[in-house]
2 protein chains.
Amino acid sequence: MSKADRTKSRILETAIELFNDRGTKAVTTNHIAAALGISPGNLYYHFRNKEEIIRAIFVQMHEVGVSEYREINDPRGPGNAASMEETFLMIQRFNWRYRFFKRELAALVQSDPELKALFVASHREHLAMVRQAIDASIEQGFFREIPLHLRELLTEQIWLMALFWLNYLEVGGEEVTEATLARGNEILRTMMLPYLSESALRSVMQGSGVHTL
Amino acid sequence: MSKADRTKSRILETAIELFNDRGTKAVTTNHIAAALGISPGNLYYHFRNKEEIIRAIFVQMHEVGVSEYREINDPRGPGNAASMEETFLMIQRFNWRYRFFKRELAALVQSDPELKALFVASHREHLAMVRQAIDASIEQGFFREIPLHLRELLTEQIWLMALFWLNYLEVGGEEVTEATLARGNEILRTMMLPYLSESALRSVMQGSGVHTL
DNA sequence: GTCTATAAGCGGATAGAC
DNA sequence: GTCTATCCGCTTATAGAC
């Protein structure tokens, strides 16, 4: 890793922290440089402008996200309640780490077409991953048979939850805690319940107090 | 309506349009004044600053929203599929009218505690309205009996969809059209399907191609 | 109420030395 | 690579005339 690369990633780290705390609007390139102890000129040597910093953060974020997902989701691994919930929590913790981005997502992609293209591609990839998980769960007998069109709807239903649960908590005035994240998982579980197979239902019933319909 | 009030509401109207088009960050108080054909000084006579304009927009938005909701939702009226979908569409159109606000929601409430307090109150009110609709639907035999805790989860599940569907479309690179709004309704319908009563199920089946489980 | 004029300050960005 | 110095332009906000 070259010296330039090291400075670059220090800039990104600092920027993420400041953005998370105060938002991209309030944090200027000067603030980032000052927090890091480098000069504004130096920062501009590494990045053309603030937008480019944000895009670089997103690229990093996407890579980390996909690799973390693959780590805990062997595509041929068990489609079951525990793994689904673990994945949901992982995504939420991930969103928390880059929380400024999800907070400002709609505004950011509106004002930067290049970032929008990056995000849309990532978004589709994630949808495909969710869809694959659903298909796998059916194949493994964790979910029952589900018509194709319904699988599409289910995919979006799930992904929308994963994408916006943190935002939902924050704008509703709730703290992000283990408890509120767990509530998200409860809702997800509720969404999935109608689609569990007989055998999955039986094994889930033995666990914690899931509500029957 | 006094002259001051008329100018005030013209400022708000213009601000909403500009904010929707370019976002609150890109639109300055000067832009708003210029677009309206008044002087910057005049604008500052009516509002202390941009934040105050945004708060005023939100207050107006909340009032319009609640009154529109009550208009099409007689609390004792029919809890049925048609009215639920009509309500969803109404909310989406409403969100579209003030789309800048939902786009920037998380960032706006983060940087303005006063706005946050207003929004949280409104948010709770909306949750209560959704909850009431669920209870009424059960009472009227449109939904089957649902345990209390599950009703809570269902309330949030529905409200999250209503709140973020437009955002979901936009960040995914989709246009907001009749078709994409209808897809939101389809997802909502899917969420509700497990909770329909026998009689509601029968009447829904006769309608358009709803997917059975 | 509305205007004109303007102060004050900041953010973004670059040039050129080291 | 990094720094210092600096500039332009813009945004906010106010004072004071009408």
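Labels below follow one simple rule: chain letters A, B, ... track the order of the sequence lines, proteins then strands, and each chain is numbered from 1.
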Separation of atom [atom1] in [X] from atom [atom2] in [N], rounded to whole Å:
| X | N | atom1 | atom2 | value |
| --- | --- | --- | --- | --- |
| B:Asn49 | D:dT12 | CG | P | 9 Å |
| A:Arg48 | C:dT14 | CZ | P | 9 Å |
| A:Glu52 | C:dA13 | CD | P | 10 Å |
| A:His46 | C:dT14 | NE2 | P | 16 Å |
| B:Glu51 | D:dA13 | CD | P | 9 Å |
| B:Lys8 | C:dT2 | NZ | C1' | 15 Å |
| A:Tyr45 | C:dA15 | OH | P | 15 Å |
| A:Ile32 | C:dG12 | CD1 | P | 8 Å |

Would you please indicate if the ring centroids of A:Phe119 and A:His126 are separated by under 6.0 Å? no
Would you say the ring centroid of B:His31 lies under 6.0 angstrom from that of B:Phe19? no
Does [X] have a side-chain nitrogen or oxygen under 4.0 Å from the phosphate oxygens OP1 or OP2 of [N]?
| X | N | value |
| --- | --- | --- |
| B:Asn42 | C:dC3 | yes |
| A:Thr29 | C:dG12 | yes |
| A:Tyr44 | C:dA13 | yes |
| A:Thr7 | D:dT2 | yes |

Nearest-neighbour nucleotide for the [X] side chain, [options] considered:
| X | options | answer |
| --- | --- | --- |
| A:Lys50 | C:dT2, C:dG12, D:dT2 | C:dG12 |
| B:His31 | C:dG1, D:dT11, C:dT4 | D:dT11 |
| B:Asn30 | D:dC3, D:dT11, D:dG1 | D:dT11 |
| B:Thr28 | D:dG1, C:dT2, D:dT12 | D:dT12 |

Return whichever of B:Lys25 or B:Asp5 has its heavy-atom-nearest nucleotide of DNA chain C closer to the 5' end. B:Asp5
Flag the pair A:Thr24 / A:Phe100 as yes when at least one side-chain heavy-atom distance between them is below 4.5 Å, and no otherwise. yes
A:Phe94 vs A:Tyr98 aromatic rings, parallel, tilted or perpendicular, using cut-offs 30° and 60°? tilted
NZ or CZ of A:Lys8 within 45° of A:Phe47 ring axis and under 6.0 Å: yes
